[in-house]
Amino acid sequence: MSLIQDVAGSGGPDPIPGPPPLPRKEKGSRGLSPGATFALRKTGAALGTLFFVLVVNFFLFRLLPGDPIGMYTRGRNVPPEQLAELRAELNRPVLEQFLTYLRNPFASTIDSAQFNRPVWELVTERIWPTLLLVGTAIVLASIIGVWIGIKAGWKRGKSFDKVSTGVTLTLYSMPEFWLGMILLIIFGVGAFGLPGMFPIGGISSPGVDTSSLAGWLDVAWHMVLPVTTLTLVYLAEYALVMRSSLVDEMDEDYLTTARAKGLMDRLVRRRHAVPNALLPTVTLIFLNLGFTVSGAITVETVFSWPGLGLLSYEALRGPDVALLQAIFLLFSIGVVLANLVADLLYAVIDPRVRS
Amino acid sequence: MAVLELDDVSVTYRSAAGPVPAVRGVSLTVDTGSSLGLAGESGSGKTTVTSTVLRLLPKSATVTGQVLLDGEDVLTMRWGRLRAVRWATASVVFQGAMHALNPVQRVGHQIAEPIRLHEKSVSEPTARARVGDLLEQVGLPSRVAQSYPHQLSGGQKQRVMIAMALACGPRLIVADEPTTALDVMVQQQVLEVLAERVRDLGLAMVFISHDLSVLASACDDLAVMYAGQVVEQGPSDQVFENAHHPYSRALGDAFPRIGDMRFRYSPSGLPGDPPFPGEAPSGCPFHPRCPQAREVCSTTEVQLRPSGERRWSSCLFAPEVGT
Amino acid sequence: MASDQQTPGRPQGRRAIARARRREALGRGWRQFRTHRGGMAGLGILVFFTLVALLAPVLFPPETISVTQATGELLAPPSAEYWLGTDDSGRSMLALLAWGARVSLTVGIAATLISMVIGTSVGIASGHYTGFGGATLQRLTDWVLVIPFLPLAIVLATVLGGGSTLTIIVVIGVTSWAGTARLIRAQTLSVEGRPYLERSRALGSGNWHQMTRHVLPNVFPLVLTNTTLTVAIAILSETTLSFLGLGDPLRPSWGSTLDQAFSNGAVSAGAWWYIGPPGLCVVLVVLSFTMIGRALEQIVNPRLGRQ
């Protein structure tokens, strides 16, 4: 990355006479480049958020009304020595407990009440199905959503814009699990004379070896409905955001410059308007990742998709407090890290952020 | 020979409140190697007039009349021909270069863009070399090509704009308030660079500004616009020193010259605001604000008439010629 | 400015002028709103659902949604008697939807009130106080903004005890204020730089006076716009939380109805009348708030008018 130092300042007068001051290439820089400072600052902020998450996660569950031990061990036969250990742990001074917790937030001494297994083990094996489902949906939704947003925003007020804005606003107002259930009834169970075409739940058919090609196809077949549901819900947001950032760019002078140069409308859009409008869109998409997680929880529940979302639902129905704690932590870490990646990515694609 | 000839050009914007005439019957001529200054307050229609040259007006605008660029009517051109003419025959130095440059592209890339577009045969290294050369012509070292707009000062950005306007060797440059947002000192430098390039390359130029003194120093001829019409036209020094229209005089006085006794005791300014487009008063549109207005000014339709050697004015009390 | 021209001895007159001006501004806003087709459509839908919610006890006596006193066949498709069919306890879907409107609208509006009060106070305070306090509030806002909503809400609801409408209101209220706070903070910062606030400071007005008398009236239009958009989000959140089983089973909202439908196998039974209508109601109400919010946004911020 060639970093250029900003010596021009904020529009101060050029010294006269002689040529104006010039940007200098910085080689073997002493001190930190603006880019590195930016990265450090953002990393610091992310660490701050993570600490806050840890504090919330720890203290919230210490505020449980009633008997916390009963809460943690509900519906489970716990050997007396383990119960004593738990009681001893919970009776230590809170600050001391917190410090222990900070040292390793994942090594919970309390097992999942429902599954009778260490929570961390449970949680880690559920990460991949969720990443597969949500990742596929995000990729599809951002491609389709951005495309719709560009097309609608560039020809604002035309029929495509009117129709697509109506559709995306409606999708945006839709509970994603409801859309999932509707698709499931129509295309999974079969209704209104349609035969059920797609599996009604799970990640694969029983007895299929998921490492074989046939297994992969089976998984893909199971993914169709949940991915469609999530894609439709996510793309609504992406299309609306892209459209409004493009509309914000439409009156910018540099587009008139591009037209005056003789560029075709298509090139003005592709080379100038879209790259500028994409920047705020990317930030907003990442900022709203929390919303993506909500979709994963309910849609996985509807489609019995064995990921973190379904696990959250199962933990909530318990309620399995230790498991909930771990899931909350994991989702939060995921979103905070994704935000950090977005910030750093933003610095790479927007030259203005670097300096 | 005339590079640009506007003949009875009118521009009307459609709006929710009905049609808004922004320019009304403007005729102007710019010859090869000569420069025309276009003066007026904001809203007088000067930018709208020049936007017709490359047909850069929004879709809500209707243009009538003729805009001849090198003898060819821009208004009736097909899109393909228009795109070929844009920047290659006439280019623009835009107002406020801060926003006229794409913030996320290196300026070298932006300068090279019209070259690559209009001269398909130019190779990448040649284009790059030409960009460096253009930057040096406007007093910037070629390595500025690697910078992003936000890394440059206002003056530097305006120089980049000038380099960009020169990229395809146009015959006409339209400079739309190129110095307005700059510090006075930088203004002078940018003005000199622009004037020098235009002179050396023998280009024609239309220069828009509200500052009559800037126009007088940069242009051969001056046209003063008010409420969408040209109210006075003539050689710049004459219009500046001895205006034949009260509005030109007021506009000139709005920028006091230091050391000139005239300005010391009579701080001048024009009362009131220009009329909203479409609400121009009857008779001479300037009469409500005119210090010399008489009864007759509100009832008599005015038009541009000769008022001296190569001079025209629409004021009823301008010197009569040929009577 | 008008208040400056008043003599100090006539607070009555001053207030009357303020009232008259407020009325005039409202009238102007309403006239602008009326020209906005989407906004008017949203308002129409909203009025309809509000009436349904208010009239539910009259139209459908409470026993119609009682599980034990239900009269219909179980899971029956729409018929002349039950226009939208029945649920798995034989209750009329139409009655369930009307009663659900009460819960969904109440929760949406109450949660929004909490969220707006927190968001506006934090936003104004963090914009007004430049020192450590303001910075801390800003950090807090950023943190809450990043933490994923649903996991946080689930955790909070578990701690507070699920199965109660009040819990849902509080949970949504305390998790959804950060966006508002950030917006209000930005607006406060721009108001803080204006001359009349400087004048007020120079005259020795206190922080409270500055914030309530100068900043608040200026950020208020933004608060109003944001409120309608937040209600939309709050209703969606209520539906989601109820669907996950956190709602009050005795007072079924649209989300709880969907939870019941899902848990009792309405999907595999193909009972589309049990699942379709509650979700459709959510979509309509959320959409209506969104449309009203967008219309208000255009009135408050005309720069957006071109959208």
Side-chain angles (χ1 to χ4, degrees), chain A residues 2-26 34 155-158 249-268 271-280 282 346 348-355, chain B residues 51 53-56 58 79-80 82-88 90-92 94-106 109-110 113-114 117-118 139-141 143-144 146-157 159 161 164-165 167-168 174 181-186 188-190:
Chain A
S2 91
L3 291 161
I4 295 163
Q5 201 184 19
D6 182 11
V7 277
S10 49
D14 290 344
I16 44 164
L22 292 163
R24 223 173 338 147
K25 266 207 180 143
E26 190 152 310
K155 294 262 150 85
R156 191 173 63 223
K158 291 285 160 59
E249 296 294 325
M250 291 291 278
D251 295 333
E252 291 293 331
D253 292 339
Y254 64 81
L255 293 185
T256 311
T257 309
R259 278 195 196 97
K261 282 175 178 175
L263 287 177
M264 282 199 273
D265 194 56
R266 189 163 47 82
L267 290 180
V268 173
R271 286 194 198 161
H272 295 276
V274 168
N276 277 283
L278 265 178
L279 296 175
V282 168
Y346 198 76
V348 175
I349 53 181
D350 189 344
R352 283 165 297 187
V353 178
R354 284 201 292 267
S355 39
Chain B
S51 299
V53 175
L54 289 180
R55 244 163 81 186
L56 289 171
W79 275 106
L82 179 66
R83 279 199 301 271
V85 165
R86 282 180 174 178
W87 222 259
S91 62
V92 190
F94 281 101
Q95 179 174 2
M98 10 287 272
H99 302 294
L101 294 169
N102 186 336
V104 300
Q105 270 183 12
R106 294 179 197 277
H109 188 80
Q110 299 186 53
E113 190 174 30
L117 186 74
H118 291 286
L140 293 172
R143 65 173 177 275
V144 168
Q146 292 304 310
S147 308
Y148 288 97
H150 73 276
Q151 295 167 317
L152 304 175
S153 70
Q156 290 170 330
K157 271 188 277 199
R159 284 167 196 258
M161 262 326 285
M164 197 193 292
C168 297
V174 176
L182 303 176
D183 291 279
V184 184
M185 294 302 196
V186 185
Q188 197 54 39
Q189 296 173 11
V190 170

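Within every chain, numbering begins at 1; the chains are lettered A, B, ... in the order of the sequence lines, protein sequences first and strands thereafter.
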### Gap between atom CD of A:Glu252 and atom CG of B:Leu101 - 0.5 Å precision
12.0 Å

### Task
First locate atom CG of A:Leu267, then atom CD of B:Glu113, and finally report the distance between them rounded to the nearest 0.5 Å.
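It is 8.0 Å, given to the nearest 0.5 Å.
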
### Task
Count the heavy-atom pairs under 4.5 Å between each of B:Val104, B:Leu82, B:Val85, B:Val92 and chain A, then report the option with the highest count.
B:Val104

### Task
State, to 0.1 Å, how close B:Leu56 and A:Ala260 come at their nearest heavy-atom pair, and which atoms those are.
CD1-CB, 3.6 Å

### Task
Give the minimum heavy-atom separation between B:Ala100 and A:Thr257, together with the two atoms involved.
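Closest approach of B:Ala100 to A:Thr257: O-OG1, 2.8 Å.
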
### Query
Based on non-hydrogen pairs under 4.5 Å, which of A:Pro275, A:Gly262, A:Ala258 is most in contact with chain B?
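When all of A:Pro275, A:Gly262, A:Ala258 are compared, A:Gly262 has the most.
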
### Query
Given a strict heavy-atom distance threshold of 4.5 Å, which part of B:Gln105 is in contact with chain A: side chain, backbone, both, or neither?
side chain

### Query
Side-chain contact, heavy-atom cut-off 4.5 Å: A:Arg271 with B:Asn102?
no

### Task
For the residue pair B:Phe94 and A:Thr256, establish whether any side-chain heavy-atom pair is separated by less than 4.5 Å.
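Yes, side chains in contact.
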
### Query
With only heavy atoms counted, which part of A:Leu263 is less than 4.5 Å from chain B, the side chain, the backbone, both or neither?
both

### Query
Would you find a donor on one side and an acceptor on the other, under 3.5 Å apart, between the side chain of A:Lys261 and the backbone of B:Gln110?
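Confirmed, A:Lys261 side chain pairs with B:Gln110 backbone.
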
